[in-house]
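Throughout, protein chains are lettered first and strands after them, A, B, ... in sequence-line order, and every chain is numbered starting at 1.
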Amino acid sequence: MKFWLMKNEPEDYSIDDLKKDVIEPWDGIRNYQVRNMIRDDMKKGDLAFFYHSNCETPGIYGLMTIHKEAYPDHTAFDKKAKYYDIKSSKEKPTWLMVDVKYKRKMKRVITLTELKEHKKLEDMRVVQRGNRLSITEVSKKNWEFILSIE
DNA sequence: GCCAACGTTGGC
DNA sequence: GCCAACGTTGGC
């Protein structure tokens, strides 16, 4: 089983929205590295942190599970959608998404500032300079450490 | 295939 | 809102 950190802007979709919806397609991935990762490495039952980005307090807000493995992201076919991509077709979809399922909110928010303060977490992608991938893998060691300081 | 220009991400 | 870092595009 693998562990992940998945970023989203809370103004767009937050952990509270997921709590209400319970299961939600994680659409809008338009980066090849991330697509390959969800296609090849992400499995049903994997666990993920829900990370709020581009907001007042960036950090880890909740836990979720991967509920459905990668399948075509239909928002890429929709001309009116924000993430429409003319190069993606139903016959040969360029972009994929997974479904995530709400598990729980964190007992307290683990802020990016705090993640950066822990020497043990310096190999986490999300604390590294210039990291812009919206989904990154988290090692078991780091996953467990973060839950232990929650 | 190089690389400048441009677009996007996301912390601050 | 600024801007550094990175990805993508497209001319050559």
Would you tabulate the nitrogen or oxygen pairs shorter than 3.5 Å linking the protein to nucleotides 3-6 of chain B?
none

Within the sub-3.5 Å range, which N or O atoms of nucleotides 9-12 of chain B have a protein N or O partner, and how far apart are they?
{"unit_1": "dT9(B)", "atom_1": "O4'", "unit_2": "R132(A)", "atom_2": "NE", "d": "3.4"}
{"unit_1": "dT9(B)", "atom_1": "O4'", "unit_2": "R132(A)", "atom_2": "NH2", "d": "3.3"}
{"unit_1": "dG10(B)", "atom_1": "OP1", "unit_2": "K7(A)", "atom_2": "NZ", "d": "3.0"}
{"unit_1": "dG10(B)", "atom_1": "OP1", "unit_2": "R132(A)", "atom_2": "O", "d": "3.3"}
{"unit_1": "dG10(B)", "atom_1": "N7", "unit_2": "N54(A)", "atom_2": "ND2", "d": "3.4"}
{"unit_1": "dG11(B)", "atom_1": "OP1", "unit_2": "Y51(A)", "atom_2": "OH", "d": "2.8"}
{"unit_1": "dG11(B)", "atom_1": "OP2", "unit_2": "N54(A)", "atom_2": "N", "d": "2.9"}
{"unit_1": "dC12(B)", "atom_1": "OP1", "unit_2": "K116(A)", "atom_2": "NZ", "d": "2.9"}

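Within residues 24-36 of chain A, no residue has a heavy atom under 4.0 Å from DNA chain B.
Among residues two or more places apart in sequence or in another chain, the ring-ring contact (aromatic ring centres under 6.0 Å, His included) test is passed with F145(A) by H118(A). Qualifying side chain to side chain contact (heavy atoms under 4.5 Å, CB included) partners for D123(A), counting only residues two or more places apart in sequence or in other chains: N142(A). Checked against ring-ring contact (aromatic ring centres under 6.0 Å, His included), W26(A) has the following partners two or more places apart in sequence or in another chain: F50(A). With sequence neighbours excluded, the residues that form a salt bridge (Lys or Arg N to Asp or Glu O under 4.0 Å) with R108(A) are E114(A). For K105(A), the salt bridge (Lys or Arg N to Asp or Glu O under 4.0 Å) criterion is met by D16(A), not counting sequence neighbours. Residues passing the side chain to side chain contact (heavy atoms under 4.5 Å, CB included) test with K20(A) are D17(A), sequence neighbours excluded.
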Determine, step by step, whether R30(A) and T75(A) satisfy the side-chain hydrogen bond (donor to acceptor under 3.5 Å, both in side chains) criterion, reporting the C-alpha distance in whole Å, the side-chain angles of both residues, the deciding distance to 0.1 Å, and the verdict. CA-CA 11 Å; R30(A) 298 294 182 268; T75(A) 67; 3.1 Å; yes
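In the hydrophobic clustering, where aliphatic and aromatic side chains (Ile, Leu, Val, Met, Phe, Trp, Tyr) are joined below 4.5 Å either directly or transitively, I23(A) groups with V22(A).
Listed by first then second residue, pairs satisfying side chain to side chain donor-acceptor pair (under 3.5 Å) with a partner in residues 35-45 of chain A read N36(A)-R39(A), not counting sequence neighbours. Sorted by first and then second residue, the side chain to side chain donor-acceptor pair (under 3.5 Å) pairs involving residues 48-67 of chain A (not counting sequence neighbours) are E9(A)-N54(A).
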